Amino acid sequence: MAVDQAPAAGQPSDVHARQLAGLDALELGGSTSRGLASQLWGRTWPMLLAIAIVLAIWQGVVWSGRWPEYVFAGPAETFGTLGERLTDPEYWQAIAVTMRRAVTGFAISVVAGLVIGAVVSRVKVLRAAFGSLITGLQTMPSIAWFPLAILLFGLTESAITFVVILGAAPSIANGLITGVDYTPPILLRASHVLGFRRLQLYRHVILPASLPSFLAGLKQGWAFAWRSLMAGELVVIIAHQSSLGERLYYDRELADSAGLLATMIIILVIGVGIDLLFETGDNALRRRWGLQQVRN
């Protein structure tokens with residue numbers, strides 16, 4: 001009798017297992033049904049369409065005759081100048097100088113934002129004292145810091161780095177603080193039961209739980225750092241250190257509209273490229289947490 005009842009007792013679990021397996025297969029099938037080429041095309045064609053629309057509007061404004069060509073060059077002249085500059089080693093050196101400043105300033109900002117966010121988020125007195133101040137620093141226009149930076153450091157690279165850090169670090173700190181605030185209390189209680197204290201608590205519980213908000217803070221911090229850097233290179237011109245901001249400054253002084261627009265395109269492309277890197281990291285985190293949406 002027991003032998004006859006065993007299949008019947010196990011039948012419901014088998015049914016549920018098959019149902020769950022079917023749902024998993026359906027979800028995985030939906031996410032892998034498209035080939036790599038199809039996925040790339042799905043990501044590329046909206047960008048190409050946006051570029052085509054911008055170029056059409058750009059050319060239409062040029063044809064309207066609102067501004068002379070030396071003030072507002074057309075796409076053909078601009079991209080011709082861009083091609084010439086990309087064959088110039090000095091132009092690549094200017095790009096390298098700008099990227100070095102950006103990476104250095106952003107790296108210091110990440111360390112500063114991480115330390116400030118970790119301390120302020122866990123110490124109530126510091127949270128009450130400096131929480132609003134951090135947000136206030138985040139809303140300060142970067143250009144407003146340059147008079148002070150020039151007084152402190154002169155027309156040097158340190159002045160630019162100083163403003164980049166002040167522009168990016170508050171956003172990174174706020175991202176971490178927000179992530180810590182939304183850490184589930186049950187995780188904190190479980191970590192205390194397991195004996196985690198201070199650094200172990202941050203390393204194994206709080207930082208992993210706050211990664212989505214922290215990543216958003218990093219992305220916003222990079223945006224502020226990049227904008228601060230461009231403003232700094234326009235204000236602080238350092239001899240024998242060509243940069244993209246310096247190229248913008250001299251193109252404006254020489255009324256070289258095509259050159260100015262060409263450099264602006266390079267700045268835009270770099271910004272879009274870094275944003276795609278952050279988007280890749282965000283998608284990887286979503287997949288790891290099982291939050292990636294199924295796309296048809």
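For clarity, every value in this text was computed on a predicted model and none was experimentally measured.
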- State, with a plain yes or no, whether a side-chain heavy atom of Ile266 is found less than 4.5 Å away from one of Leu244. yes

- Check for a donor-acceptor pair, side chain of Ser228 on one end and backbone N or O of Val164 on the other, with a separation under 3.5 Å. no

Show the atom names and distances, to 0.1 Å, of all donor-acceptor pairs under 3.5 Å that link a side chain in residues 212-222 to residues at least two apart or in another chain.
{"unit_1": "Lys219", "atom_1": "NZ", "unit_2": "Asp275", "atom_2": "OD1", "d": "3.2"}
{"unit_1": "Gln220", "atom_1": "OE1", "unit_2": "Gln138", "atom_2": "NE2", "d": "3.0"}

- More than 12 heavy atoms of other groups within 6.0 Å of Glu253 CD: yes

- Note, Ile172 side chain near Ser109 side chain (heavy atom, < 4.5 Å): yes

- CG of Leu260 to CD1 of Ile265, rounded to nearest 0.5 Å, is 10.5 Å

- Query: Would Thr98 and Glu233 count as having a side-chain donor-acceptor pair, cut-off 3.5 Å?
  - Reply: yes

- Query: Looking at CD1 of Ile160 and CG of Leu234, how far apart are the two atoms once the value is rounded to the nearest 0.5 Å?
  - Reply: 10.0 Å

- Salt-bridge criterion met for Arg247 and Asp256 (N-O under 4.0 Å): no

- State the OG1-CE distance between Thr78 and Met264, to the nearest 0.5 angstrom. 10.0 Å

- Do Ile238 and Leu155 come within less than 4.5 Å of each other through their side chains, counting heavy atoms only? no

- Would you check, one step at a time, whether the test side chain to side chain contact (heavy atoms under 4.5 Å, CB included) holds for Val120 with Ile177? CA-CA 7 Å; Val120 171; Ile177 292 171; 4.0 Å; yes

- Task: On the 0 to 90° scale, with breaks at 30° and 60°, tag the Phe162-Phe153 ring pair as parallel, tilted or perpendicular.
- Result: tilted

- Measure the spacing between OG1 of Thr81 and CG of Leu86 and express it to the nearest 0.5 Å. 11.0 Å

- Do Trp63 and Leu261 belong to the same hydrophobic cluster, where Ile, Leu, Val, Met, Phe, Trp and Tyr are linked whenever their side-chain heavy atoms lie under 4.5 Å apart, directly or via other members? no

- Query: Tell me, do Val163 and Leu148 make a side-chain contact under 4.5 Å, heavy atoms counted?
  - Reply: no

- Message: Would the distance check show the side chain of Ser243 and the main-chain N or O of Ala94 forming a donor-acceptor pair, the cut-off being under 3.5 Å?
- Response: no

- Message: Measuring only between side-chain heavy atoms, which start at C-beta, is Leu55 closer than 4.5 Å to Phe79?
- Response: yes

- Please assess Phe106 against Ile165 for the test side chain to side chain contact (heavy atoms under 4.5 Å, CB included), listing each intermediate value before the final yes or no. CA-CA 7 Å; Phe106 184 67; Ile165 295 172; over 6 Å; no

- Query: Can you check side chain to side chain contact (heavy atoms under 4.5 Å, CB included) on Tyr249 and Ile237, steps first, answer last?
  - Reply: CA-CA 9 Å; Tyr249 176 83; Ile237 305 298; 4.2 Å; yes

- Message: Contact between Val236 and Phe146 at the side-chain level, heavy atoms closer than 4.5 Å - yes or no?
- Response: yes

- Message: Please check: side-chain N/O of Trp145 versus main-chain N/O of Leu166, any donor-acceptor pairing under 3.5 Å?
- Response: no

- Task: Could you tell me whether the side chains of Ser242 and Tyr91 share a donor-acceptor contact shorter than 3.5 Å?
- Result: no

- Query: Counting only N and O atoms by type, is there a donor-acceptor contact under 3.5 Å from the side chain of Arg101 to the main-chain atoms of Leu229?
  - Reply: no

- Item | Gap between atom CH2 of Trp58 and atom CZ of Phe72 - 0.5 Å precision | 6.5 Å

- Would Tyr70 and Ser257 satisfy side chain to side chain contact (heavy atoms under 4.5 Å, CB included), going step by step from the backbone distance to the final call? CA-CA 6 Å; Tyr70 71 89; Ser257 174; 5.7 Å; no

- Would you say Met99 has more than 12 foreign heavy atoms packed within less than 6.0 Å of its CE? yes

- Query: Nearest 0.5 Å, what's the CZ-CD1 distance between Arg227 and Ile143?
  - Reply: 11.5 Å

- Message: Looking at Ser158, is its backbone amide N or carbonyl O close enough to the side chain of Thr161 to form a donor-acceptor pair, meaning the two atoms are under 3.5 Å apart?
- Response: no

- Message: Any non-hydrogen side-chain atom of Thr263 less than 4.5 Å from a side-chain atom of Leu82?
- Response: no

